[in-house]
Amino acid sequence: MILQTIWEVMVKNFKLIYRTKTSALVILLGPLFIVGVIGAAFSTSGLHSITIATYQYGPSEIVDDLIARLSVKDFQINRMETLESCISAVKRSEAHVCIEFPEQFDPSGNVSNEVKFHLDYSRINLAMVIWDALSQKVSKKSAEISAGIVQGMIGTIREAESGIKDSKSAVSKLASNGEEINETINDMIAQLQSFNTTSAFDEKQALSAITDAEGKVKQMKTQLDDFQLILDNTSDSIEAAKADSLSTINSISAYLENTTEVLEDFVSAAEVVCAVNPLPECAYISNYSASVESKIDEMGFLQGQLEDSKEQIESIGTAELDQADKEIEESYILLAETETTIGQMKTGLAGASATSRSLEEAKQNATRNAENMRDVLGESLKQVEGISGQLDKMAAEIGKTSSIESEKILQPIKTVLRPVTAEKGSFDFLFPSLLTLVVMFVSILLASTTVLTERESRAYFRNVIAPVPPYIFALGTLLSNLAIVLLQSFVLLGIASLMFDIQVFGDVPGLIFGLIVVSSVFILIGMIIGYSFSSEETATIASICLSIVLFMFSSLVLPIEKMAKEIAAVATASPFVLSEGVFRTILIFDAGIPWMKIGALAVFILVLSAFVIIAQRATLKNL
Amino acid sequence: MPITLPIISLSNVTKKFGDKVVLSNVNMSVYPKEIFGIIGVSGAGKTTLLRALIGFYDLDFGSIYINNRDVSKSIAVVKRDVGFCTQDGCFYERLTVMENLVYFGKMYGLPRKVIEQRAKMLLDMVHLSGDMDTLAKDLSGGMKRRLDITCALIHQPQLLILDEPTVGLDPLLRSQMWKLIHEINKRGTTIIISSHLLGEIEKMCTRVGILSDGTIIDVGTPDQLRAKYSHSEEVVLETIPGNYDDLVNRLRKKGGLIASVTHREHNLVIYTPHAEAVLRETLDWVDESKERLIEVDVNKPSLAEVFETLMRWREGTKYEEINHLKFSVHHAHRSGFTKEQIRHMLLKKGWDKKTIEKVLSELP
């Protein structure tokens with residue numbers, strides 16, 4: 001019975017609207033007109049007819065290259081003689097932006113390479129778009145320059161790595177020389193041992209043994225000289241490689257630290273933005289932030305690696321080298337002593353008056369010296385082996401650092417900067433907002449007009465005195481308006497799909513559900529206006545004013561994030577912003593029904609319904 | 001003789017809008033199959049009274065019973081027993097005649113077949129059968145009134161309330177409308193009708209209630225009211241060229257023949273307690289003068305005269321009452337009562353605030 005009555009009210013409303021030919025035309029042709037005009041205007045992702053004035057303080061290849069890039073397709077470039085004329089061009093609307101390149105534009109140097117954009121902020125949307133487009137171009141060039149710098153740093157590390165490798169081969173040679181000296185000492189000791197000082201004394205044999213020992217000492221001296229030279233060279237080249245490596249590692253480390261800070265800022269900024277304004281994009285921003293955070297971790301790990309390398313490199317062995325150097329010095333002294341002793345033996349032998357006892361003493365001294373020298377040399381060789389091991393480690397650490405790709409250091413974010421949707425034209429992104437706008441305006445205006453027409457109709461009195469509860473009429477008005485708004489929305493969606501190839505029918509049930517909820521909210525608002533005002537003119541003005549307020553307090557004109565915090569919080573919960581979010585999620589992201597937003601809109605429906613009933617009762621008293 | 005119970009019974013019905021008392025202690029009853037007329041000056045509260053009958057307003061005091069049911073408690077049932085027509089056409093201009101009837105029939109929960117049967121019968125009665133599919137906006141003024149009545153009758157109410165049904169219609173259409181009302185009444189529907197066209201009310205209504213300042217000051221048949229409030233008859237005279245001054249002077253010289261004199265279009269209307277003497281003098285005057293007699297008629301005074309007399313009497317009474325009040329207030333003030341004390345006393349006696357404040361403002 002109630003349903004039948006509601007149906008009759010709806011049928012009556014349809015007939016009344018249908019019989020007004022202009023209304024029927026507006027319902028069908030309105031969306032066609034809106035989509036046609038806006039679609040044709042915005043179905044491109046590029047910028048056209050943008051004029052850029054540029055000013056550079058002096059000739060610069062990099063600036064020229066940058067300007068050439070800007071002028072390739074999108075922008076018309078006007079080079080200005082002075083900064084004032086450049087800025088004036090923007091003020092006079094002859095240019096949309098003035099770009100001021102720094103006085104010494106040298107990205108590889110230590111000067112501030114700040115490119116200034118002078119924009120007309122009274123046209124804030126255009127300013128943002130231009131700034132975004134230009135920033136992309138400039139960033140691209142900036143990235144190329146940075147890539148060159150980082151590539152140079154990696155090159156330096158690789159050079160250090162090859163220096164270490166050279167040092168390693170020198171150390172190997174040092175070890176083999178040490179082995180040869182060792183063998184010489186062993187030979188000398190053997191010869192000294194074979195020299196019999198107690199039995200039959202053979203002067204010739206003694207002389208020959210002493211001469212051999214003397215020769216061995218000279219040979220040892222030469223070998224020690226070589227050893228000393230290689231040691232010195234190795235020490236120098238290790239120091240140089242160490243210094244280069246440490247400086248480059250420090251630079252990379254600082255670079256990574258800055259980049260990490262930027263990324264962390266981005267993540268926290270994204271968190272703040274999403275806390276204030278839980279846009280549907282926030283789900284993607286959250287994933288994106290997670291990805292960035294993993295990159296930050298990766299960079300932290302990279303930095304840890306670099307720190308390890310730095311420590312390893314810093315700890316590498318000048319101490320061992322110094323120790324080896326000292327020990328070589330000791331070997332020199334011992335060798336000199338041995339040489340002296342052998343000289344004494346030779347002198348004693350030449351005087352033929354030497355006793356077997358003194359010879360034996362001399363022999364023992366020479367043997368002891370040679371043995372000491374062998375021990376010292378043995379220690380030196382051990383040190384050299386230690387150095388060799390540490391050089392291996394250092395080469396490995398530097399190898400790790402030099403194997404890091406410059407791209408990874410330079411643009412760690414590049415891997416996560418993927419658009420969450422397929423590349424689309426402006427109209428695709430604009431469409432959910434347009435749909436919300438059309439639904440809002442049509443619903444509010446249609447509902448307020450329907451209610452006022454009904455109230456002004458003499459038949460309203462007959463409805464009121466009929467044995468039907470007033471809410472049935474309100475429900476009938478809501479449903480008939482809803483049907484008309486849905487019809488109009490589908491005309492709009494159909495045109496958008498057919499004419500502009502916008503994917504609107506990906507989730508038809510979700511879309512219909514969203515449309516019903518969103519339209520209901522705005523129709524109820526329109527009905528309250530219709531019941532609250534007593535003339536069609538004032539109701540229309542009120543409807544338009546309210547629609548404009550809702551429109552202004554959305555991200556369509558300025559981002560909500562630019563508003564005062566408290567107002568932004570309220571604006572975020574406005575029906576328009578919630579509705580836009582619903583359509584954005586369903587149409588652009590194809591991510592199903594956003595239940596949180598739908599829930600908030602359902603609360604609006606309940607509250608507004610209560611207000612409709614109250615407002616309707618108030619009008620009945622004034623009939 | 002069986003006792004007939006009233007279809008409508010009003011007891012001490014009082015309705016205020018803010019401080020303004022629009023209906024004050026209205027008491028009246030309407031019996032089945034009556035055509036009950038309510039007359040009153042503009043702003044007397046006729047429309048408010050009629051709307052109160054269908055439960056449109058919450059009463060401040062009193063009760064209304066329709067078919068022995070309290071309107072305030074059984075509004076949904078009562079609404080089915082009543083049809084209502086205002087002076088404006090209460091239907092949708094952009095629906096056809098038939099669509100309007102179907103829609104309003106559905107609002108009363110009638111099945112479509114029943115609606116169609118009744119619509120056919122009613123449209124025959126109001127002579128709109130040939131315009132079933134015509135948009136209401138394309139109907140003439142008289143046809144619109146008839147459609148409005150049809151809409152009010154589609155659910156076959158026992159009681160039809162008509163608020164100024166003939167206002168704005170030409171004499172021919174008014175006549176047709178009254179015929180229709182009579183026809184509806186003949187079929188058993190009780191009719192309550194308000195109008196300021198007293199001549200029509202007098203002709204058509206079985207009983208009349210006179211409403212003044214929100215109060216029914218009297219109820220009765222037109223004859224009862226005339227007998228009660230007028231002891232004179234009226235002589236209506238039409239002559240050519242119509243120089244009636246000589247006649248009026250001649251009658252006045254006779255003394256006691258004229259109660260009052262008035263003009264109605266080209267006619268002279270003489271109210272007199274001695275109609276025969278006035279008629280004789282008038283005919284003599286016609287013979288003696290150059291006047292050519294067109295028409296002369298002797299009537300009982302009309303309801304209009306009764307109404308005018310009553311209103312004058314009401315105004316006079318009121319004037320006297322207020323004068324007396326002023327005197328009392330000044331006396332009390334001179335005796336040392338403050339304005340506040342006087343206000344309090346007058347409120348207790350039931351005087352309305354507006355009158356009290358007006359009288360108090362005249363105090364020094």
Side-chain angles (χ1 to χ4, degrees), chain A residues 1-27 446 449-477 479-480 484 536 614 616-623, chain B residues 17-18 47-48 50-58 71 74-96 98-112 115 135-138 144-145 147-152 154-155 157 161 163:
Chain A
M1 172 71 185
I2 286 175
L3 287 178
Q4 203 182 355
T5 311
I6 292 171
W7 174 248
E8 286 301 326
V9 173
M10 287 174 66
V11 169
K12 178 261 297 177
N13 285 341
F14 290 143
K15 281 180 181 169
L16 293 178
I17 290 171
Y18 163 75
R19 298 243 162 94
T20 316
K21 297 283 181 280
T22 47
S23 306
L25 278 175
V26 164
I27 289 169
L446 183 69
T449 310
T450 310
V451 167
L452 254 165
T453 309
E454 178 73 14
R455 278 180 62 200
E456 285 178 349
S457 156
R458 290 155 185 169
Y460 187 51
F461 180 75
R462 192 170 296 294
N463 281 331
V464 172
I465 61 171
V468 178
Y471 76 85
I472 296 287
F473 293 105
L475 199 57
T477 306
L479 293 176
S480 46
I484 291 166
E536 212 165 312
I614 293 166
Q616 190 193 31
R617 279 177 181 235
T619 60
L620 294 181
K621 284 184 179 176
N622 296 326
L623 254 181
Chain B
F17 291 120
T47 301
T48 307
L50 295 183
R51 287 185 174 194
L53 292 178
I54 52 166
F56 192 76
Y57 298 125
D58 296 328
V71 170
S74 317
I75 184 68
V77 182
V78 167
K79 277 179 173 178
R80 291 178 190 280
D81 291 340
V82 183
F84 198 105
C85 285
T86 65
Q87 48 194 285
D88 311 309
C90 293
F91 48 80
Y92 290 103
E93 297 265 344
R94 289 186 190 281
L95 294 186
T96 64
M98 193 61 185
E99 283 168 348
N100 268 300
L101 292 174
V102 169
Y103 172 74
F104 288 115
K106 290 278 183 184
M107 292 301 108
Y108 284 87
L110 301 174
R112 194 176 179 95
I115 294 171
L135 286 179
K137 70 183 174 74
D138 296 333
K144 282 182 179 175
R145 290 292 162 89
L147 170 62
D148 195 29
I149 289 175
T150 315
C151 289
I154 191 71
H155 60 289
I161 298 172
D163 187 8

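Keep in mind that what you see is a predicted model, and the values were worked out from it rather than measured. Side-chain atoms are counted along with the backbone in the values below, which use heavy atoms only and exclude waters and symmetry mates. By convention in this document, chain letters (A, B, ...) are assigned in the order of the sequence lines, proteins followed by strands, and residues within each chain are numbered from 1.
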Q. Does the pair A:Lys15 and B:Arg94 meet the rule for a side chain to side chain contact (heavy atoms under 4.5 Å, CB included), with working shown?
A. CA-CA 8 Å; A:Lys15 281 180 181 169; B:Arg94 289 186 190 281; over 6 Å; no
Counting only heavy atoms closer than 4.5 Å, note whether [X] contacts chain A via side chain, backbone, both or neither.
X	answer
B:Leu95	both
B:Ile75	neither
B:Phe17	neither

Q: Looking only at non-hydrogen atoms, find the nearest pair between B:Ala76 and A:Pro467 and report the distance.
A: O-CB, 3.7 Å
**Q.** Set of ring-ring contact (aromatic ring centres under 6.0 Å, His included) partners for B:Phe91, sequence neighbours left out
**A.** none
Q | Residues forming a ring-ring contact (aromatic ring centres under 6.0 Å, His included) with A:Phe14, sequence neighbours excluded | A | none
(Q) Between A:Asn463 and B:Phe104, is there a side-chain heavy-atom distance shorter than 4.5 Å? (A) yes
**Q.** Engaged part of A:Ser457 at the chain B interface, taking heavy atoms whose separation is under 4.5 Å
**A.** side chain
(Q) Using heavy-atom distances under 4.5 Å, tell me whether A:Val9 contacts chain B through its side chain, its backbone, both, or neither. (A) both
Q.
Can you tell me which of A:Val468, A:Val464, A:Ile465, A:Leu620 forms the most heavy-atom pairs within a distance under 4.5 Å of chain B?
A. A:Ile465
Q. With a distance cut-off below 6.0 Å to the six-membered ring centre and an angular limit of 45° from the axis, does A:Arg462 pair with B:Phe84 as a cation-pi contact?
A. no
Q) Taking NZ, NE, NH1 and NH2 as the nitrogens, is one of them in B:Asp148 or A:Arg458 under 4.0 Å from a carboxylate oxygen of the other? A) no
Q) Distance from A:Phe461 atom CZ to B:Ile54 atom CD1, nearest 0.5 Å? A) 4.0 Å
Q) Given B:Met107 and A:Phe473, is the side chain to side chain contact (heavy atoms under 4.5 Å, CB included) satisfied, shown in steps? A) CA-CA 10 Å; B:Met107 292 301 108; A:Phe473 293 105; 3.7 Å; yes
(Q) Determine whether A:Asn13 and B:Tyr92 satisfy the following criterion, side-chain hydrogen bond (donor to acceptor under 3.5 Å, both in side chains), listing intermediate values before the conclusion. (A) CA-CA 10 Å; A:Asn13 285 341; B:Tyr92 290 103; 5.9 Å; no
